[in-house]
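Have a look at the structure below before the remarks.
Order of listing sets the numbers, starting from 1, for every ligand and every atom in it. The analysis underlying the following values was restricted to heavy atoms, covering all of them including side chains, and did not include hydrogens, waters or symmetry mates.
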Amino acid sequence: MRPEILFPLFAPATSLSGVGPRFAKLFESLTGGPAVLDLCWHLPSGVIDRRYGPPLAEVIPGRIATLTVEVDEHRAPPSKRLPYRVVCHDSSGSLELVFFHAHRDYLMKMLPPGQTRVVSGKVEVFNDRLQMTHPDHIAPPEEAERLKAVEPVYPLTAGLSLKVVSKAVHAALERLPELPEWLDRGLKDREGWPDWHEALRRAHNPRDEADLSPLALGRRRLAYDELLSNQLAIALVRDRQLKQRGRVLKGDGHLCDKVIASLPFQLTGSQRLALAEISADMAAEHRMLRLLQGDVGSGKTVVALLAMLTAVEAGGQAALMAPTEILARQHFQTIEPLAQAAGVGLTLLTGRDKGKARQAILEKLAAGETAIVVGTHALFQEDVAFKDLAMVVIDEQHRFGVHQRLTLTGKGKAVDVLVTTATPIPRTLMLTAYGDMESSRLTERPPGRQPIDTATLSLDRLPEVIDAVDRALTRGAQVYWICPLVEESENSDLAAAEDRYRALQQRFGEQVGLVHGRMKGPEKDAVMARFAAGETGVLVATTVVEVGVDVPNATVMVIEHAERFGLAQLHQLRGRVGRGSGKSSCLLLWQGPLGETARARLKILRETDDGFRIAEEDLRLRGAGELLGTRQSGLPEFRLADLAVHGDLLATARDDARLILDKDPELAGDRGKALRVLLYLFERDAAVKYLRSG
Ligand code: ADP
Ligand code: MG
């Protein structure tokens, strides 16, 4: 149960005076949440300094000024299109206040002739006259000192003015309770951090730009609070998981040996090391939850298969879950001959299996006749049952689905889990998503791989690119042509791809294929199959070209509007080529003007194809949320912490969380109780449930 002290913060924003349902809705879309607390966490992004207030004669045009003036007269315009003017003066000069679409009655009330008023806003010179258009503030003279302040500027959204947002945020801050300190005193003193309440107050009352920096002490403290709650929550879940007894899965090697013998290649050192780590983990008493990271083409599939076979050797069943239909099929095709070599029952289960055929598959799984199943989300369906599911491999590519992972593991007893990902995850991000989850990395490429030549070209040089495609086709090579990601809609994505398809068809005729997200499954498969068989030479695709697709003869990758793609995504797409023994190239076509980030991204791609380095650079360039090219990555998003700048705090938070739980595993002491409040504050309620007296 949420502690009572937090109730005012979790009350809906409508509980604040002046916030009705209409504003509340806008606030929710602005701050990402409906509560008073969400407003407290809506931090300013800028400041307006209103302290400047010289006599009119000395005002420097272009600046924001707060001026005390006497109102002389109102000049209503002869036409509605012209502005309404209010002439004012002080002892040194004069000023005109300018209003468009003015309401005379209102302005007469605000600015009565003969009275003194303080006005604040940007001063400009127009036709040699000093003027201020739509002052931000108009107030009686006694408020001059109050107005002459530094005012925070908040990020806004359509329908919300700065005034409305500032007012609501400050009303929300009035509700801040005094919370018990959850930070370690030593750390807090060392860092010079303020109390939580004071930190928030400071964050909302910046005096200058420096106060807005994420490195300002108050902001760092708030970021740390958030990271600590994240690390503490993960540590709690993890402790619980480790305490759960897993099962000991020890293979005798009879199946693995057969598969290894039938491989046309030797395992790389990296693969062998990863396998050793995985089988040690499977043989241990606790449940395995391990990540297998490796670039596209680094050979994860074989490793995953051998791990599954180990589970089968130990008498259990195994499942491999792919994020898409195409990938599931591809994995199945790769694994099928190897499973046959080992004499192991293998089946495929996707959403396309229906009726009797599906029923037959399910029966074999339930009876244990099928040892390994490869599939898609279809594996999660309720009626899918196993005789004895012992191990699950989740091929996440760049998708993360913690919930799905749990659903599938619920289908067996103490199931060991291996998650494979082709997006190398920087250490920092690993921590936020998985805590200290074990990970194996395939850093070595299988031998014989040619490096990929990467060139960046302006889209103006399209004709040259098409000539290059022509030469590639003449040599018998195949080409992927990835069409631009269009922001607005899937439809425009499709239109762009169809246009390109037609244009290339005019030049290359029937050799061109098209695949896109709107196609039905079998249709998509047919196009892919023709390309894989070499019947088509150019495959035009929207980004739906599933990242795991393997066509060794495809050696040219063209990506249009590369500037619109994320770094990780470009790296993934590039990894589609360079899979065979031929020399491969990647042409990144961009359209200017290029922003600084886009330029830096393209440069990194030219410089390296080391996925781990690319991931680190991506994190640095774009921040964590966008790292995976999609906001729906499932990685936690932070409100106050920005890993690109607060990365150093994460390791501290991890160690802190460990230490806390070692000393006070039930969070029962004074600091422990304060930490519970912290967990609730950041809505990690689920983690608190793991505590005995939660
Ligand atoms: P990933 O899933 O990591 O992208 P795959 O497992 O699909 O990579 O492997 C890519 C290709 O490399 C496959 O054709 C696979 O047969 C091959 N391969 C895997 N391991 C090796 C190895 N040790 N030596 C040579 N080729 C390998
Ligand atoms: Mg793969």
Working to the nearest 0.5 angstrom, can you tell me the gap between [X] [atom1] and [Y] [atom2]?
X: Gln266; Y: Ile260; atom1: CD; atom2: CD1; answer: 10.0 Å
X: Glu607; Y: Thr454; atom1: CD; atom2: OG1; answer: 11.0 Å
X: Glu313; Y: Lys250; atom1: CD; atom2: NZ; answer: 13.0 Å
X: Arg599; Y: Thr456; atom1: CZ; atom2: OG1; answer: 10.0 Å
X: Gln505; Y: Glu510; atom1: CD; atom2: CD; answer: 6.0 Å

Pull out every atom of ligand 1 sitting under 4.0 Å from any heavy atom of [X], numbered as shown with elements.
X: Gly299; result: 1 (P), 3 (O), 5 (P), 6 (O), 8 (O), 9 (O), 19 (C)
X: Gln266; result: 22 (C), 23 (N), 24 (N)
X: Leu267; result: 23 (N)
X: Thr268; result: 23 (N)
X: Pro446; result: 21 (C), 22 (C), 24 (N), 25 (C), 26 (N), 27 (C)

With distance as the sole criterion, is a donor-acceptor pair present between the side chains of Gln333 and His331 under 3.5 Å? no
Is there a heavy atom in Pro447 that sits closer than 4.0 Å to ligand 1? yes
For Asp295, state whether at least one heavy atom is located under 4.0 Å from any atom of ligand 1.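 Right, Asp295 reaches ligand 1.
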Atom 5 (P) of ligand 1: which of Thr421, Thr334, Thr301 has the nearest heavy atom?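 It is Thr301 that holds the nearest heavy atom.
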